Each structure stands twice: as structure tokens, then as C-alpha cells.
Asker: 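If you scroll down you'll find the structure; I have some questions about it.
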Amino acid sequence: MPLGEIAPQRPATGRAPGVATKVGASTTPGAATRTGAAAGAATPAGAAAATGTAGAAARPAPTAKQCRPENLAGELRIGIFRSARRLRAERGAADLPDHQFSVLAWIHMDGPMTPGALAERQHVQPPSMTRTVNALAELGFVTKAEHPNDGRQVVVSLTEKGAAEVTETRRRRDQWLTRRLTAFTPAERATLAEAAQLLRRLAAE
């Protein structure tokens with residue numbers, strides 16, 4: 001599930017209202033600049049700006065070599081794989097294995113479908129999908145009904161329990177991501193918001 005749009009925050013100026021007027025009376029050269037910076041750091045906005053600046057300074061801009069498709073491909077593959085693996089560790093109360101939860105997620109998104117259609121989406125053989133569907137039916141997450149146009153097939157649908165498991169799993173995964181994102185600076189979250197759109201485009205092509 002998407003986290004939602006996170007609006008980039010405008011960096012704070014680091015100067016509280018009225019500080020420049022008071023400092024203007026000082027006879028020490030540069031005192032206004034130093035005092036203004038100190039006042040800004042004392043405010044929450046100033047602290048956020050300082051953190052954002054430090055975060056940006058600690059992360060050097062990628063080089064032209066790192067941005068080449070052949071080099072970027074390896075970095076993206078590792079980053080996406082590790083992130084997905086960690087995210088999959090956040091599961092609902094049933095603690096379903098990945099292949100079973102994925103079936104529930106497909107039905108939740110696309111509606112009831114045959115085991116054959118599910119097998120195509122999961123890129124597995126039909127007998128394997130039949131075993132998965134039977135296991136989910138025994139657990140009460142799906143039901144099987146006769147196909148309205150083909151008596152040789154069945155249609156697999158989610159039960160209320162199955163839909164609740166999908167919702168709870170996604171909630172926990174979004175919750176984990178939200179906690180992790182709070183450790184990033186506003187500028188970094190803006191970068192990730194752009195990256196999320198690019199990754200969607202990457203997966204769609």
C-alpha cells in the first residue's frame with residue numbers, strides 16, 4: 001500500500017522574528033550572523049534545518065559512474081531486494097508464508113478468480129496453486145465455488161477472515177515503514193517520494 005504523499009518541507013531560515021533588529025545595535029562585526037544562527041538552532045524549525053543540512057552533507061551526491069545503468073542496476077537490485085525481504089517479515093496474526101499471503105493479496109485486489117488465473121499471476125504450476133488454495137480454504141481464508149460457465153473449474157473468493165488478514169498485514173507493513181521514515185530528514189523523504197514514483201514506472205515497463 002502506498003504511504004501517501006509526503007509534502008517536502010521548506011527549509012527554515014534559521015532566524016527568529018525580531019532578532020535582526022536587536023542585533024543591528026551590536027558594534028561587533030558579524031555578531032548579527034552568529035546570533036541569528038544561534039537563535040534559529042534554538043527553535044524546532046532551526047533544529048530541523050540543521051539536521052537536514054547535516055544529513056545532506058553526510059550523503060555525497062552520486063557520481064556519474066554510479067548513475068550509469070549497468071552500475072545503478074546492481075545497487076537498485078540489492079536495495080530493493082533487502083527492503084522487500086525486511087518488509088515481508090512484517091506479517092498479520094496468521095503469520096502466513098509469502099506464497100499464501102500473495103494469493104490473498106491478488107484476490108483482494110482483482111476479485112474472485114480461478115486457480116489457473118492465480119497460478120499465472122504467481123508464475124507457478126497449476127497443481128502447486130491448487131495445493132495453496134486448498135490450504136487457505138482449510139484455514140478459512142478463502143472459499144471455493146463452482147465456476148458459472150465451466151463446471152470443470154472453481155472460483156476462489158476471499159472470506160471476511162481472509163480480507164482482514166490482508167488488511168492487517170498491510171497495516172503492519174505500513175506502520176513499520178512509517179517508523180523507519182521518521183528517522184529520515186525532510187529532504188531525504190522528498191527524495192524517496194520521487195523514487196517511489198520512479199520505481200512504479202520501472203516495474204510497469
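Treat the numbers as computed from the prediction; the structure is a model and nothing was measured.
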Asker: Does E168 come within less than 4.0 Å of R172, counting only side-chain N to carboxylate O?
Answerer: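 Between R172 and E168 there is a salt bridge, with a charged N closer than 4.0 Å to a carboxylate O.
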
Asker: Quick check with a 6.0 Å cut-off and a 45 degree axis cone: is R179 positioned over the face of F184's six-membered ring?
Answerer: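 That pair does not qualify as a cation-pi contact.
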
Asker: If you round to the nearest 0.5 Å, how far is CG of L192 from CG of L177?
Answerer: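 These two atoms lie 10.0 Å from each other.
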
Asker: For residues 105-116, please give each side-chain donor-acceptor pair under 3.5 Å, one per line with the distance, not counting sequence neighbours.
Answerer:
from	atom 1	to	atom 2	distance (Å)
W106	NE1	Q122	OE1	3.1
H108	ND1	R170	NH1	3.4
D110	OD2	R121	NE	3.3
T114	OG1	A117	N	3.1

Asker: Are side-chain heavy atoms of R189 and P186 found at a separation under 4.5 Å?
Answerer: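 Side chain of R189 against side chain of P186, heavy atoms only: contact under 4.5 Å found.
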
Asker: Distance-only, no hydrogens or angles: does the S128 side chain make a donor-acceptor pair with backbone N or O of V124 under 3.5 Å?
Answerer: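 Flag not set: sc S128 to bb V124 has no pair under 3.5 Å.
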
Asker: Around atom CD of E70, are there more than 12 heavy atoms of other residues, nucleotides or ligands at under 6.0 Å?
Answerer: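 Yes - once you tally the heavy atoms of other residues, nucleotides and ligands closer than 6.0 Å, there are more than 12.
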
Asker: Please, which pairs that meet side chain to side chain donor-acceptor pair (under 3.5 Å) have at least one residue in residues 130-143, sequence neighbours excluded?
Answerer: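 Qualifying pairs: N134-K144.
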
Asker: Side chains of P148 and V155, heavy atoms from C-beta outward: is any pair under 4.5 Å?
Answerer: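 Of all side-chain heavy-atom pairs linking V155 with P148, at least one is under 4.5 Å.
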
Asker: Can R91 and D98 be said to form a side-chain contact (heavy atoms from CB on, under 4.5 Å), step by step?
Answerer: CA-CA 9 Å; R91 298 176 176 176; D98 292 337; 3.3 Å; yes

Asker: What's the separation between atom CD in E165 and atom CG in D95, rounded to the nearest 0.5 Å?
Answerer: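 Going from CD on E165 over to CG on D95, the span is 8.5 Å.
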
Asker: Side chains of R173 and R88: does their closest heavy-atom pair fall under 4.5 Å?
Answerer: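 Yes, side chains in contact.
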
Asker: Just checking R86: does its CZ atom have more than 12 heavy atoms from other residues, nucleotides or ligands closer to it than 6.0 angstrom?
Answerer: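 Yes.
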
Asker: Drop me the distance from S102's OG to L96's CG, to the nearest 0.5 angstrom.
Answerer: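 Answer rounded to 0.5 Å: 11.0 Å.
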
Asker: Does L139 reach the side chain of Q100, with side-chain heavy atoms less than 4.5 Å apart?
Answerer: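 L139 vs Q100: side chains touch.
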
Asker: Do the non-hydrogen side-chain atoms of E146 and V154 ever get within less than 4.5 Å of each other?
Answerer: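 The answer is no, as the side chains (C-beta and beyond) never meet within the 4.5 Å cut-off.
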
Asker: Compare all side-chain heavy atoms of V156 with those of V103 and state whether any distance is below 4.5 angstrom.
Answerer: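 Not in contact.
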
Asker: Find the distance between CZ (R180) and CD (Q175) and round it off to the nearest 0.5 Å.
Answerer: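 Answer for the CZ-CD pair, R180 versus Q175, is 14.0 Å.
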
Asker: Nearest 0.5 angstrom please: L76 CG to N71 CG, how far?
Answerer: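 Atom-to-atom, L76:CG and N71:CG are 11.5 Å apart.
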
Asker: Are T169 and F101 packed together at the side-chain level, in the sense that at least one heavy-atom pair is separated by less than 4.5 angstrom?
Answerer: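 The answer is yes; the side chains approach within 4.5 Å.
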
Asker: With rounding to the nearest 0.5 Å, note down the distance linking CG in L104 to NZ in K161.
Answerer: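 Here the rounded value is 10.5 Å.
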
Asker: Just so I know, are the side chains of Q66 and L72 near enough to count as touching, which here means a heavy-atom distance under 4.5 Å?
Answerer: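 Not in contact.
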
